[in-house]
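Heads up, the thing below is written out as structure tokens.
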Amino acid sequence: MTTAHGNDVAQPRTDWADFDFDTRQVHAGEYPDLNTGLRVPPIALSAGYVFDDFDDQVDRFAGRSIDPIYSRQGNPTNGVAEARLASLEGGVAAVAVSSGQAAISAALFTLAKGGDHIVSTASIYGGTRILFGRSFNRFGIDVDYVWDAEDDAEWERAIRPNTKAIYTETIPNPRNDVTDLARIAAVARRFNLPLVVDNTIGSPALIRPIEHGADIVVHSTTKFLTGHGAAVGGAIVDGGTFDWEAAESAGRAYPLITDVKPGLGSMVDRFGQGAYARAAREAVVNDIGPSLSPFNGFLLHQGMETLSLRMERHVASSLEIAAWLEQQPEVEAVDYAGLPSSPLYELAKRDYGLTAAGTGARTGSVFGVKVRGGVDGARAFVNGLRVFSRMTGIGDTRSMVIHPLTSTHATFAPEVNERLGITPGLLRLSVGLESPRDLIADLRAGLDRV
Ligand SMILES: Cc1ncc(COP(=O)(O)O)c(C=O)c1O
């Protein structure tokens, strides 16, 4: 490219595929704006897009052109976030939506309709369990749970001819009971089922589920990806790994992805490996309408620029705090798979690796601590905290605490909570980016009241 000064300069780079994670989190998805020179992709606050001419409008509405029609279906600011997240997760495409709950719903509605069935691992975010038990149930989509993911017989009993997906999470909260994704992926493959994994708490800086056999990844981007607790959002990532046509031949139909539209073909014909993401965008997100505000899309793509740096600090502080908590007389137990004392430590080490200091595995910063004295002990502890915020939320720069039994898990039957390990003295911590010394002093002050 020759500048106005006659200098021969290199074109701005747009393909970041072969770069390291830390480079891609800063650059992937950005587009050079040669008109204004803006370095940061701007917030494209426009509900719609101008058609080149009459026939361009006809082509866009007929699906012959994938240029955007309306921001419910796609937006350039969100497009930066989508391309960046797809790159970080190692997927082929992503769709940004308005919340994590919208991501889970849209991801699964693309696969299942009324009368269909989903199998999920039992230890998942409480809000997802509520979503499955209430709204999915009302729409006629049944969800059954597998309690022991290691037990092949339990999977075999749960999976039916009308099952359309297996659903799990990388690091379930509040118990930090990390999932053996490779094992669940093997079950999914055996039954020709796509594996959908919520990676909200792991984030692609710690684990990339597609590398462990997942086909689709969902996120509440509200948490670590956006990173600062300011914007609700969600995303679906298509790994491009699932063979939809082979599944259909084997008796599991995914009509939104494989049905042939006259004159256009199927989503697979048109979008190949990205067929699932396109179906989610066009046939579910655009229909139902949980699109992401470009303002939140901006905060998301900007937040991801520092993801790996923040996650290293979140993890190092969590490990220090979890190891300290374990030694305190007021503490009954700490549920943090990254601790060498955890029964899940070997799996945590295998899938998440060790911290730079080598003191434990990198299993995020959301974990459980059981204080003595049941609900009364929990109440006294929580009421004594001044740096940790008493609130629902995780994955923020700020540290937070909540009592799951009386909040996220308050609507579940006592026997379900007992089986999930949600005991009266259990608290969920989300360790932020404050100094671990200050956080430990705050926790000490809380424990002094127990
Ligand atoms: C693992 C997980 N998935 C999904 C969600 C829902 O996300 P959102 O609050 O953005 O709808 C949450 C929220 O806490 C979560 O922790």
Side-chain angles (χ1 to χ4, degrees), residues 78 81 85 89 94-109 118 120-136 143 165 167-179 181 196-207 209 214 216-237 285 288-293 295-297 299-300 303-304 311 314 335 337 363-368 389 391-396 398-404 407-411 420 422 428-432:
N78 296 346
L85 181 58
E89 285 286 11
V95 186
V97 291
S98 58
S99 70
Q101 294 297 85
I104 296 163
S105 303
L108 294 173
F109 291 162
I118 289 162
S120 172
T121 48
S123 184
I124 53 168
Y125 163 59
T128 308
R129 192 174 255 274
I130 294 171
L131 168 70
F132 288 165
R134 184 164 53 198
S135 294
F136 273 54
V143 180
Y167 183 86
T168 192
E169 295 182 359
T170 46
I171 309 178
N173 90 69
R175 303 218 39 220
N176 205 268
D177 41 348
V178 290
T179 306
L181 291 184
V196 182
V197 178
D198 183 332
N199 192 26
T200 298
I201 298 186
S203 93
L206 301 183
I207 187 163
I216 295 154
V217 179
V218 292
H219 278 279
S220 165
T221 62
T222 316
K223 313 295 168 16
F224 295 103
L225 293 180
T226 302
H228 301 75
V232 174
I236 305 164
V237 182
V285 177
I288 299 176
S291 46
L292 184 68
S293 152
F295 186 79
N296 287 12
L299 294 176
L300 171 56
M304 279 190 277
M311 293 313 289
H314 278 299
D335 291 327
T363 61
S365 73
V366 182
F367 60 94
S389 301
M391 61 185 285
T392 186
I394 51 170
D396 197 331
R398 298 152 194 87
S399 293
M400 294 175 273
V401 63
I402 200 163
H403 183 243
S407 60
T408 53
H409 291 66
T411 58
L420 290 170
I422 309 298
R428 179 183 77 190
L429 303 183
S430 176
V431 171

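As the structure lists them, so they are numbered: ligands from 1, and atoms in each ligand from 1. Values below: all heavy atoms of this structure, side chains included; hydrogens, waters and symmetry mates excluded.
- The Asn173 neighbourhood of ligand 1 comprises atoms 16 (O), with distances under 4.0 Å to a heavy atom of that residue.
- Under a 4.0 Å criterion applied to the non-hydrogen atoms of Asp198, ligand 1 contributes the atoms 1 (C), 2 (C), 3 (N), 4 (C).
- Thr200 and Ser220 are not linked by any side-chain donor-acceptor pair at a separation below 3.5 angstrom, with hydrogens and angles left out of the test.
- For atom 5 (C) of ligand 1, the closest heavy atom belonging to the protein is Tyr125 CE2, 3.4 Å.
- The shortest heavy-atom distance from Gly233 to ligand 1 is under 4.0 Å.
- Among protein heavy atoms, atom 8 (P) of ligand 1 sits closest to Gly100 N, 3.3 Å.
- Counting the atoms of ligand 1 from 1 in the order shown, those under 4.0 Å from a heavy atom of Ile394 are 16 (O).
- In this structure, the side chain of Ser430 engages the main chain of Gly395 through a donor-acceptor pair within 3.5 Å.
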Check step by step if side chain to side chain contact (heavy atoms under 4.5 Å, CB included) holds for Ile201 and Tyr125. CA-CA 10 Å; Ile201 298 186; Tyr125 163 59; over 6 Å; no
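- The backbone N or O of Ile104 lies less than 3.5 Å from no partner atom in the side chain of Asp198, so there is not a single donor-acceptor pair.
- One option in Glu169, His219, Lys223, Gln101 has a heavy atom closer to atom 9 (O) of ligand 1 than any other, and that option is Lys223.
- Under the 3.5 Å distance criterion, the side-chain polar atoms of Thr221 are left unmatched by any main-chain donor or acceptor of Thr226.
- Of all the heavy atoms of Thr392, none lies under 4.0 Å from any atom of ligand 1, so neither backbone nor side chain is involved.
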Side chain to side chain contact (heavy atoms under 4.5 Å, CB included), that's the test. Do Phe132 and Leu108 meet it? Break it down for me. CA-CA 10 Å; Phe132 288 165; Leu108 294 173; 3.6 Å; yes
